[in-house]
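One structure below.
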Amino acid sequence: MKNYDFKTIEKKWQEKWVNEHSFRAVDFHPTKPKYYVLYEFFNISGNLHMGHLKGTVPADALARMKRFQGYNVLFPIGGDSFGLPAENAAIKKGINPHKFVEDGAKKAFDQSKQLGLSFDWDRTFCTSDPNYYKWTQWIFLQLYKHGKAYKKEGVVNFCPNCKTVLSNEDSQGGKCDRCGGDVVQRKRWVWYLKMREYSEKLLDNIDKIDMAENLKEAQRNWIGKSEGMQVGFDLFAESGRKLGKVNIFTTCIETIYGVTFVVLAPENDLIDNYAGEIKNWKEIEDYRKKTALRSEFDRLSDQKVKTGCKVEGIYVKNPVNNAKVPLYLADFVLAGYGTGAVMAVPAHDQRDFDFAKTFNIPVIQVIEGDCKDKAVEKKEYLSANSKMLNSAEFDGLPVKEAKQKIADKIIAMGAGEKKINYKMQDWPFNRQRYWGEPFPVVFCDHCGTVLLDEKDLPLVLPETDDYLPNEDGDSPLSKVTDWVNCKCPKCGRLARRETDTMPNWAGSSWYWLRYIDPHNDKALADFEKLKYWGSVDCYTGGTEHITRHVLYAFFWQNFLYEIGAVPTREPFKRKMGSGLILDDQGKKMSKSSTNGVSPLEFIDKYGADAARLHVHFLGGYEDNTPWTYDGITGITSFLDKVWALQNMIKGDEVSQEHRFELNKLVKKVTEDLEDLKLNTSIAALMTFIKKVRDDKFITKQELRAFLILLNPMAPHITSEIFEKVFGTQILDESWPKYDEKFLVADTITLPIQVNGKMTKKLVKVAKDVSQEQLLKEIEKQYPDIYNSTMTLKKVIYVPNRIVNLIK
RNA sequence: GCUGGUGUGGCGGAAUGGUAGACGCACGGGACUUAAAAUCCCGAGUUCGAAAGGACGUGUGGGUUCAAGUCCCACCAUCAGCACCA
């Protein structure tokens, strides 16, 4: 027998799989049930990295197992290509982004083939393909037509370096997700998608999906649902003339008698109508200018130092007691959350307390506790259920009861109502960039905002060689004047196209639907096919997109469902978040890591099967695992032993000696692969091979089962051995089954406990032995532990597991 | 600060409430070899003991149970997400 020559063998099978379209999914398969496995598509950049080896292989293993189990499996791949890498290559090296994407996608797909990934190669596409983004644009048209897209001047996160608008999701921590620079707040005309309307539906999606709790929490946290009250504080001129109303949002209505000031976000334009009444308008304008220039990062980092500006000349009244309350602007109040205005209760909110100290505002305590040096906050007084003070008729009531009663009173007065707020904002949906989907929208002086007709899609991105935004931060498309200037689709007069493009998240917000019918030019996908394939059964990929991509995906699928474009509301039934490969610093492995290793280098050295097994033997799918080549010899020697099984065949049917071990193995691998636990599957396969080698033989049927069980993880070597031994193709086989009655060995070595303590004594008995028989056996072997002259208080006997003698 | 996760040998990591440390690496001993590599066999939680055997062991302290790494309570450490969200 020749040694296992992975280079030749792996290449042979990879070519065969591609040439024969071995993993093509069949629409409307007459007999097989469907199973849809999805791996997050590749961000088209450079070579695949270790993260891909970690992320893709378990999905591939699941897909391969499901095929053996008789499912019609859809396991597709594509490219997220309207991204930063292509754009940067264009800007920095003058590479045409189309060319960059074409090369990058080819590279990613070729490298996937070298890993032996069983993707359906007939369904690939990239988000920058016009035939794909035609439908991304189509979805935008639907969003607009259904009132879910609107353009307005808003205060947005803006990156001065990238000269573009960012969503909250893209500017977490006040840093630009694209370049890492500081984000500032700027007023701009922005396309928004009404994602906030979908908050409850998204929360519902989160409840239904099968996903790790920490990821669900991250998403819920992001949506940030909070229940409280909205209360109106009437606004007066110094003369006492009523001007209007300031609505505030609070979750602590019980503290309303302690309000000593009200604060508006600097961007809140409510008071602009009363500029004439305000005595320090100039000061207010200065303050507004100052805060606008402060970066988001500054605002977050100086949380202790409160800045603000009193509004002189007008005041508000507390509805519960008509107390006169001064009004301030301060940037600790966010324009985008709630009403952009808060009632401040320094005694019971630390931020208000800090602000009150800085501006010498009085403090009124309304709940028991010591608030001399700090506020007594909600958490503290609610857990103690403290009593009310200085709150008129509510004095002396426990705070929980008072909360309810004060709310009732305010509602009865008509001064306020119960209200639910969400942190999640509408999605700012435009970027001032070249490399993205153009909006199918023109602006006409006569007709206003006009949509392109669906039959005129795709609106193709024009060619240019100037990929930079201009100084005002307008998109590079604005410089392509013969594209910008167009005819209004409605009146035919001269009009201008929208020159911003969609964010790179647009294309990834519906791509799993397109795999179902990637070449359809009549619809985003055929409705019957969508019905057939349904929701993705298992979606794998990184966890870094959990508050962006996955929430956007929920949003779009919900919308498409509501307009009847797709048959299901839930895009994914189950989401598994791939852990990271860590470098020697304990950080995510990257090319700059001191021990950064590329999967190609690994494959070249040890082969794809070894690479697949090694990375997944290091740890579970959702765990971060430190990278090391240590232990690779364990994997290569395992594969050598697998190869050597060909020479150990003796007999045909499953042998008496291996029946129990094999049944156990089938159960273990079947269950573990379903959970993407490749590490324990591999361990079980190693244990079995040890047994076989001890016994120096394996039967044909045992080998058949073993190869099929290993195939999802090491597809090349198993395909080769199978073909050599059986003369047929392993892919035509079906998954081995186990029999419950063989899951317990015929002879059990039972541990004995005395009074709940392990004795380290073991007794050999037949499977399912009776308690009576067992005690006789113990007496025979260990008369000092038990003999019939002893009286036992109790015997706890768990058949085939343990016996505990209580003396 | 809030929320969620995780704490097990020298290392990566296993354990439906039932023999803790599977499987693998590294390590020690042996076989083969002129030698090395490769391969194969054996050993191995810590500790006392020549051995038989004993004691102690899953971050810490309590609890539930015949039995706890696993369940409950409190605390500590660590990782991650969010964070002036009213």
Side-chain angles (χ1 to χ4, degrees), chain A residues 172-174 212-222 224-226 228-229 248-252 255 263 265 299-306 330-334 336-345 348-352 354-355 377-379 421-425 543-544 546-547 580 586 613-614 617-620 622-635 637-638 640-641 668 671 677 679-690 693-694 749-762 793-798 800-807:
Chain A
Q172 299 181 21
E213 194 52 37
N214 59 340
L215 301 182
K216 289 192 175 199
E217 272 310 303
Q219 292 186 332
R220 291 196 188 104
N221 206 329
W222 189 261
K225 180 176 181 173
S226 102
M229 286 195 77
I248 61 90
F249 175 71
T250 180
T251 56
C252 308
T255 63
V263 191
R299 278 174 74 158
L300 295 178
S301 49
D302 306 340
Q303 289 184 15
K304 304 248 155 35
V305 186
K306 296 278 183 285
D331 68 0
F332 78 87
V333 175
L334 307 175
Y337 182 75
T339 56
V342 302
M343 64 176 212
V345 185
H348 304 290
D349 182 291
Q350 192 57 41
R351 289 158 306 168
D352 300 346
D354 295 340
F355 191 86
E377 292 199 292
K378 180 161 57 173
K379 199 184 165 209
N421 259 310
Y422 302 93
K423 274 199 278 181
M424 189 173 69
Q425 305 291 307
T543 55
E544 70 270 34
I546 209 75
T547 52
L580 303 172
L613 292 177
H614 179 62
F617 192 55
L618 288 175
E622 301 205 293
D623 303 327
N624 295 337
T625 39
W627 166 255
T628 175
Y629 265 130
D630 288 351
I632 184 69
T633 52
I635 295 298
S637 94
F638 170 68
D640 286 340
K641 287 171 189 167
K668 180 78 179 151
E671 290 173 357
K677 283 151 88 178
N679 51 342
T680 46
S681 294
I682 297 166
L685 288 155
M686 286 173 166
T687 307
F688 184 77
I689 224 169
K690 226 180 187 177
R693 287 171 68 83
D694 280 350
T749 321
L750 208 66
I752 307 171
Q753 288 186 340
V754 174
N755 293 332
K757 253 180 91 101
M758 293 304 309
T759 59
K760 293 194 181 165
K761 298 282 193 297
L762 304 169
K793 276 192 200 145
K794 204 173 173 187
V795 177
I796 290 149
Y797 172 44
V798 185
N800 305 325
R801 293 232 83 132
I802 202 157
V803 61
N804 191 359
L805 308 176
I806 312 301
K807 290 183 180 172

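Nothing here was measured: the structure is a model prediction, and the numbers come from that model. Atoms considered below: every heavy atom in the structure, side chains included; atoms not considered: hydrogens, waters and symmetry mates. A note on names: the letters A, B, ... follow the listed sequences, proteins ahead of strands, and every chain is numbered from 1.
Here A:R693 pairs with nothing under the salt bridge (Lys or Arg N to Asp or Glu O under 4.0 Å) rule; sequence neighbours left out. The side chain to side chain contact (heavy atoms under 4.5 Å, CB included) check on A:T543 picks up A:L215, with sequence neighbours excluded. Checked against side chain to side chain contact (heavy atoms under 4.5 Å, CB included), A:V803 has the following partners two or more places apart in sequence or in another chain: A:L750, A:I752, A:L774, A:I778, A:V795, A:Y797, A:L805. Legend: residues meeting ring pair (Phe, Tyr, Trp, His ring centres under 6.0 Å) with A:H348, ordered by chain and number and at least two apart, are A:Y381. Annotation: side-chain hydrogen bond (donor to acceptor under 3.5 Å, both in side chains) contacts of A:N624 (sequence neighbours excluded): none. The salt bridge (Lys or Arg N to Asp or Glu O under 4.0 Å) test applied to A:K216 returns no partner, not counting sequence neighbours. Residues meeting the salt bridge (Lys or Arg N to Asp or Glu O under 4.0 Å) test with A:D349, sequence neighbours left out: A:R351. A:P626 pairs by the side chain to side chain contact (heavy atoms under 4.5 Å, CB included) definition with nothing, not counting sequence neighbours. Judged as a salt bridge (Lys or Arg N to Asp or Glu O under 4.0 Å), and not counting sequence neighbours, the contacts of A:K225 are A:E200.
Ranking B:G18, B:C84, B:G4 by closeness to the A:E213 side chain, first place goes to B:G4. Closest to the A:L762 side chain, of the nucleotides B:C85, B:U19, B:C40, is B:U19. Here B:C85 is the nucleotide among B:U19, B:G12, B:C85 with the atom lying nearest to any side-chain atom of A:R351. Proximity note for A:K306 (side chain, C-beta onward) versus B:C84, B:A86, B:C85: the nearest is B:C84.
Close to B:C2, at under 4.0 Å from its OP1 or OP2, lies a side-chain N or O of A:K379. For A:T628 and B:C11, the shortest distance from a side-chain N or O to OP1 or OP2 is not below 4.0 Å. Here A:Y422 does not reach the OP1 or OP2 of B:C85: none of its side-chain N or O atoms lies under 4.0 Å away. In terms of phosphate contacts, A:R693 brings a side-chain nitrogen or oxygen within less than 4.0 Å of OP1 or OP2 of B:C40.
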What pairs of nitrogen or oxygen atoms, one from the protein and one from nucleotides 61-72 of chain B, lie under 3.5 Å apart?
from, atom 1, to, atom 2, distance (Å)
B:C66, O2', A:N804, ND2, 3.1
B:C66, O2, A:N804, ND2, 2.5

Atom pairs under 3.5 Å: protein N/O with N/O of nucleotides 22-28 of chain B:
from, atom 1, to, atom 2, distance (Å)
B:C23, OP1, A:K690, NZ, 3.3
B:G24, OP2, A:K690, NZ, 3.4

Hey, what are the protein-to-nucleotides 77-81 of chain B N/O distances that come in under 3.5 Å?
from, atom 1, to, atom 2, distance (Å)
B:G81, N2, A:N221, ND2, 3.3

